[in-house]
Amino acid sequence: MKKIMMTLAAVAVAATMNAQMYIGGTFNLGFENKLTDVDGNEATGMAFQIKPEIGFGLDEKSSVGFVIGFGMTNNTNEMLGGAAALFGNGVKTDKSAIQFEIAPYYRYKFLQFDKIDIFVDAQVGFIYTKLDEWNNTTFNIGVRPGVAYNANDKFSFVAKFGQGLFFQSSKDKDSDAKSKFGLNANTLAPLEIGMYYNF
């Protein structure tokens, strides 16, 4: 058994060494103006997230990668893809929640036109959100679309759209887990844009 594991590890290392590596990441920034503050006045909430990323091209059409995300939000929407209402029923507060995400993925480029690649990511995500004593843990799995523009051999610009087809299970600190399954075809919720450097 030990020899088998060592052989598999050696094959994985060799495949990684022969693969094209890329580093970079994406970010999203969103605003919500259908909120009220704690005094009942109209307010605007904000959500921000940055996602450093590293990946390895396995061949011309497929690659594997790993995302580590960090975000902050001060409203109740789900722009960051994690827990449901963070601050009650549409009320903006002076406090901000922080969020961490780990998400490995497999990418397949199903259409390629000159410098344009259209792809889908099959991704598994683990998200932790915290606000003071409250916290939430979310697990999601899904397939989402994206597009990349390969400016040259070294630099690529990428955009990832919506949540795609997904399953999500979310659990608050003091409540039972809640699950949902669906298709989010809204390409602007959320829209992530970024850049890769190809080695």
Side-chain angles (χ1 to χ4, degrees), residues 8-33 46-73 77-82 99-127 138-168 180-199:
L8 291 175
V11 170
V13 170
T16 300
M17 291 178 65
N18 292 327
Q20 181 185 27
M21 186 176 76
Y22 57 90
I23 60 172
T26 60
F27 71 92
N28 63 56
L29 178 66
F31 296 91
E32 174 62 64
N33 58 9
M46 184 193 75
F48 168 79
Q49 190 172 52
I50 184 169
K51 295 183 175 183
E53 186 174 335
I54 183 171
F56 299 91
L58 303 179
D59 54 42
E60 291 185 358
K61 287 187 172 291
S62 60
S63 58
V64 293
F66 191 83
V67 173
I68 299 177
F70 171 77
M72 296 184 68
T73 183
N77 63 29
E78 298 181 40
M79 291 181 185
L80 299 182
Q99 187 177 80
F100 299 94
E101 178 180 1
I102 298 174
Y105 65 83
Y106 169 79
R107 175 170 299 168
Y108 182 75
K109 302 173 185 177
F110 63 92
L111 288 175
Q112 294 177 289
F113 306 99
D114 192 17
K115 295 185 176 183
I116 303 294
D117 297 331
I118 300 176
F119 62 84
V120 291
D121 284 352
Q123 181 172 290
V124 178
F126 300 91
I127 304 169
T138 298
F139 165 79
N140 61 55
I141 182 169
V143 178
R144 64 185 304 198
V147 59
Y149 173 70
N150 305 304
N152 52 47
D153 291 340
K154 294 297 183 181
F155 290 99
S156 301
F157 298 91
V158 65
K160 302 177 185 179
F161 306 107
Q163 287 180 283
L165 182 66
F166 70 96
F167 168 81
Q168 185 177 87
K180 62 180 180 179
F181 172 81
L183 174 63
N184 182 351
N186 183 353
T187 59
L188 297 179
L191 170 65
E192 297 178 13
I193 57 176
M195 183 177 71
Y196 296 150
Y197 178 80
N198 305 295
F199 291 90

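Everything quoted here is computed from the prediction, not taken from an experiment. The first residue of the sequence shown is numbered 1, and numbering continues consecutively from there.
In this view, F126 and F139 satisfy the ring-ring contact (aromatic ring centres under 6.0 Å, His included) rule, not counting sequence neighbours. For F199, the ring-ring contact (aromatic ring centres under 6.0 Å, His included) partners at least two apart in sequence or on another chain are Y197. Under the side-chain contact (heavy atoms from CB on, under 4.5 Å) criterion, Y149 pairs with K115, I116, A151, F157, not counting sequence neighbours. N150 meets the side-chain hydrogen bond (donor to acceptor under 3.5 Å, both in side chains) test with D117, S156; sequence neighbours excluded. Residues satisfying the ring-ring contact (aromatic ring centres under 6.0 Å, His included) test with F167, not counting sequence neighbours, are none. For D59, the side-chain contact (heavy atoms from CB on, under 4.5 Å) partners at least two apart in sequence or on another chain are K61, S62. For N152, the side-chain contact (heavy atoms from CB on, under 4.5 Å) criterion is met by K154, F155, not counting sequence neighbours. Shown here are the side-chain hydrogen bond (donor to acceptor under 3.5 Å, both in side chains) partners of Y22, two or more places apart in sequence or in another chain: Y105. In this structure, the side-chain contact (heavy atoms from CB on, under 4.5 Å) partners of I102, at least two apart in sequence or on a different chain, are F66.
A distance of 11.5 Å separates CG in L191 from NZ in K160, rounded to the nearest 0.5 Å. Between the CD atom of Q123 and the CG atom of N140 there is a distance of 7.0 Å, given to the nearest 0.5 Å. To the nearest 0.5 Å, atoms CG (L111) and CD1 (I118) are separated by 5.0 Å. Here the straight-line distance linking atom CZ of R144 with atom CZ of R107 works out to 9.5 Å at 0.5 Å rounding. Annotation: the span from Q49 atom CD to K51 atom NZ amounts to 4.5 Å, rounded to 0.5 Å. Rounded to the nearest 0.5 angstrom, E192 CD and F27 CZ are separated by 10.0 Å.
The shortest heavy-atom contact between M195 and V158 is N-CG1, 4.2 Å. Heavy atoms only, all atoms of each residue included: G125 and A103 are closest at CA-CB, 4.0 Å.
The shortest side-chain heavy-atom distance between I68 and F70 does not fall under the 4.5 Å cut-off.
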